[in-house]
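Only one structure is covered here, and it is reproduced in the block below.
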Amino acid sequence: MGRARPGSAATSLLAATTLALSGCGPAGGSEDGDTVRVGMLHSLSGTMAISEVTVRDSVQLAIDEINDDGGVLGRQIEPIEEDGASDEATFAEKAQKLLQSDDVATVFGGWTSASRKAMLPVFERNNGLLWYPVQYEGLEASDNIVYTGATTNQQIVPALDYLVEQGHESLYLIGSDYVFPRTANQIITAYAEANDLEIIEEEYTPLGHTEYSTITGEIEREEPDAVFNTLNGDSNVSFFQQLRSAGVTPDDTPVLSVSVAEQEIDGIGVENIEGHPVAWNYYQTTETPANEDFVSAFQDAYGEDRVTSDPMQSAYNAVYLWAAAVEEAESFEVDDVRAALDGIERDAPEGPITIDGDTQHLAKTSRVGEVNEDGLIDQVWSSEEPIEPDPYLTGYDWADDITEVEEGE
Amino acid sequence: MDAILNQVPIGIAIGAVLLLAALGLNFTFGQMGVINMAHGEFMMVGAYTAFVTHAWFDLNPDYALLLAVPAAFALTGLLGLALEAGVIRHFYGRPLDTLLLTFGVGLVLQQIARDVFGAPNVDVPAPAWLAGGVDVLGIRLHHARLFILALAVLCVVAIAYYLNRSRPGRQMRAVLHNRDLAAITGIPTRRVDATTFFLGSGLAGIAGVALTLIGPTGPTLGHNYIVDAFLVVVVGGLGQLRGTILAALALGLLNAFSEFWTDASLAKVIVFVAIIGFLQARPQGMFTVRSRALT
């Protein structure tokens, strides 16, 4: 699709603007000068750009804030921006470029599991450090990645606990056909067996699918107590629209989504999804002092009409956590920073978070919310306390068989 | 048994969507042989017309959609007219050039939509009277689907009347059968071409409005439907209204039933395999134009 030329032109333009914005020294600044280079690697073009640009904006905001406060170890952060172009091969290639040619101290980036899995060998080979901001399917813990989004026991498992608590006894599973929904549904099925939940049906549709009448028809007919939705992207729009015109309301059959956040609600149509639950660790409405600051700083920087979402907040936290680890280690070297990760804490917009050094995941609070009439999400349930990360679900007896899932798309 | 019966209206509904998307192509591709890759983007323009009538003119969503139908028809029709006059006219008989050019025009339209409305999907609220459905003999019929079906039937009736009863429609058919002979008898073939393109593009706009009821409204909306629309026209036979109708229904039903017995991913494969098999047996599609031309 001819992405090389326009892509790189746009990237250098953006890099130029970010340089101007963050007001740091000449582009040649290296770790020996008064700046430290970090990589920003998100999809600025292609189908994922809609989501990933919001995450990029949050990383930029955190970098600007830290720079205004005097930087890290007295150095200004100099972001080097690359475009992953919604293509996992490009992500791997650009990660290589950032680590080898630009010699960055760390990289913030990635969204889809496919992009993370493509970058992982690059970071392991070059001993780099990637901060990955999105909830994912678990079953991974690389020394070269810090996972600042939720793993399954901080999102999917608590969401199931919530549904059981609400008295639901049967579930209908619907997801896009790729690694995250399939792994998530494996976990859900194992959980259901252990908790007397009936799984009525497990359906997958291709990414970008728009025809859901067969599935909404089945949901009407089978009348499950609840639907667990792992659809990704545009498919959610069709699914919720057609579900509403089928007359299925959140009162009859709540549809719990794990990939729909504030950012997606407007496109789906508030009237189509209002009242349905979603599971994340953070909402724009989460009541913490840090969140008030984050939301107002973000809207000051990018406009009053912008919303904040869980992945954006996780990406924002990642920059601060990295800076704290660097200060703790008194070094920008990856090995030193990694050694300092364990126990780094922060009062984040989502509440207290702590890095677990073993898995390089975060302890974080789990929350279930309901979409309200303004298109924001109101919390209806929370785990109160941060939940320790358990990416391999070793602490759950019913999950014994799941840790063997094969990798790939 | 009820469950299986339920797939019939679902299949017809899917067919109605395919039919609406393909009706316009039946003119531009079927009648004129122009491969207009921007046809999907014309649907996108129609969908955004529905968004604009609601969001910019602040009309009540209960009837904004009804106003959007003629507005989208006129707007995309004029757009098609401009495309025909400005670009395609100069490339008649050069299908490859036309294909690439219209693909480029499609990309330009997508980018304009992105610049004007932003990259994320926009929300086109459905009228309240289109939510829910009715039960007929134990089969659930959704209002939104019935509306799309009604719209498709209305378009088909109007087209059939136009082609068979009206003077310009008959001229259009004459040009399709034998362009040279039609020209000799005094039919203004240039003007007929322009009219054909206007109608075909306008129908894409109507399809776009209908699509806002069942899917995301974004700059790449057309991409989701353009391939299916071409398939319907090819399977039905070029320039054959009844072929397009039959093909759309057959593909819709096949899709609904294969999805019911397998799953959505496999259903797509089954439909494609069936089409390949069908075209092996009848490369010219379900119906062909009977013509005395020697070509």
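Chain letters run A, B, ... following the sequence lines, proteins first and then strands; every chain starts at 1. The shown structure was predicted, so the numbers you read here are calculated from the model rather than taken from an experiment. Computation of the quantities below employed the complete heavy-atom set of this structure, encompassing side-chain atoms and omitting hydrogens, waters and symmetry-equivalent molecules.
For the atom pair Asp234(A) CG and Leu221(B) CG, the distance stands at 9.5 Å (nearest 0.5 Å). Here Ser213(A) contributes atom OG and Ile214(B) contributes atom CD1; the two are 8.0 Å apart, rounded to the nearest 0.5 Å. Atom-to-atom distance recorded for Glu259(B):CD and Glu203(A):CD is 7.0 Å, nearest 0.5 angstrom. Rounded to the nearest 0.5 angstrom, Leu211(B) CG and Thr210(A) OG1 are separated by 8.0 Å.
For a residue to count as touching a neighbouring chain, one of its non-hydrogen atoms must lie under 4.5 Å from one of that chain's; by this rule Leu266(B) does not touch chain A. The contact between Thr216(A) and chain B is made entirely by side chain atoms (from C-beta outward), counting heavy-atom distances below 4.5 Å.
Of the listed residues Ala144(B), Ala256(B), Pro125(B), the one with more heavy-atom pairs under 4.5 angstrom with chain A than any other is Pro125(B). Of the listed residues (Pro206(A), Gly247(A), Gly217(A)), the one with the most heavy-atom contacts under 4.5 Å to chain B is Pro206(A). Contacts with chain A were tallied for Gly218(B), Ala267(B), Ala264(B); Ala264(B) has the most, counting heavy-atom pairs under 4.5 Å.
Ser238(A) and Pro216(B) make their closest contact through OG-CD, 3.2 Å (heavy atoms, listed as atom of the first residue, atom of the second, distance).
In this structure a side-chain-to-backbone donor-acceptor pair under 3.5 Å is present from Gln241(A) to Thr212(B).
Inter-residue side-chain proximity for His142(B) and Gln242(A) is flagged as unmet; no heavy-atom pair is nearer than 4.5 Å.
Residues of residues 259-271 of chain A lying under 4.5 angstrom from chain B, judged on non-hydrogen atoms, are Asp266(A), Gly267(A), Ile268(A), Gly269(A), Val270(A), Glu271(A) in numerical order.
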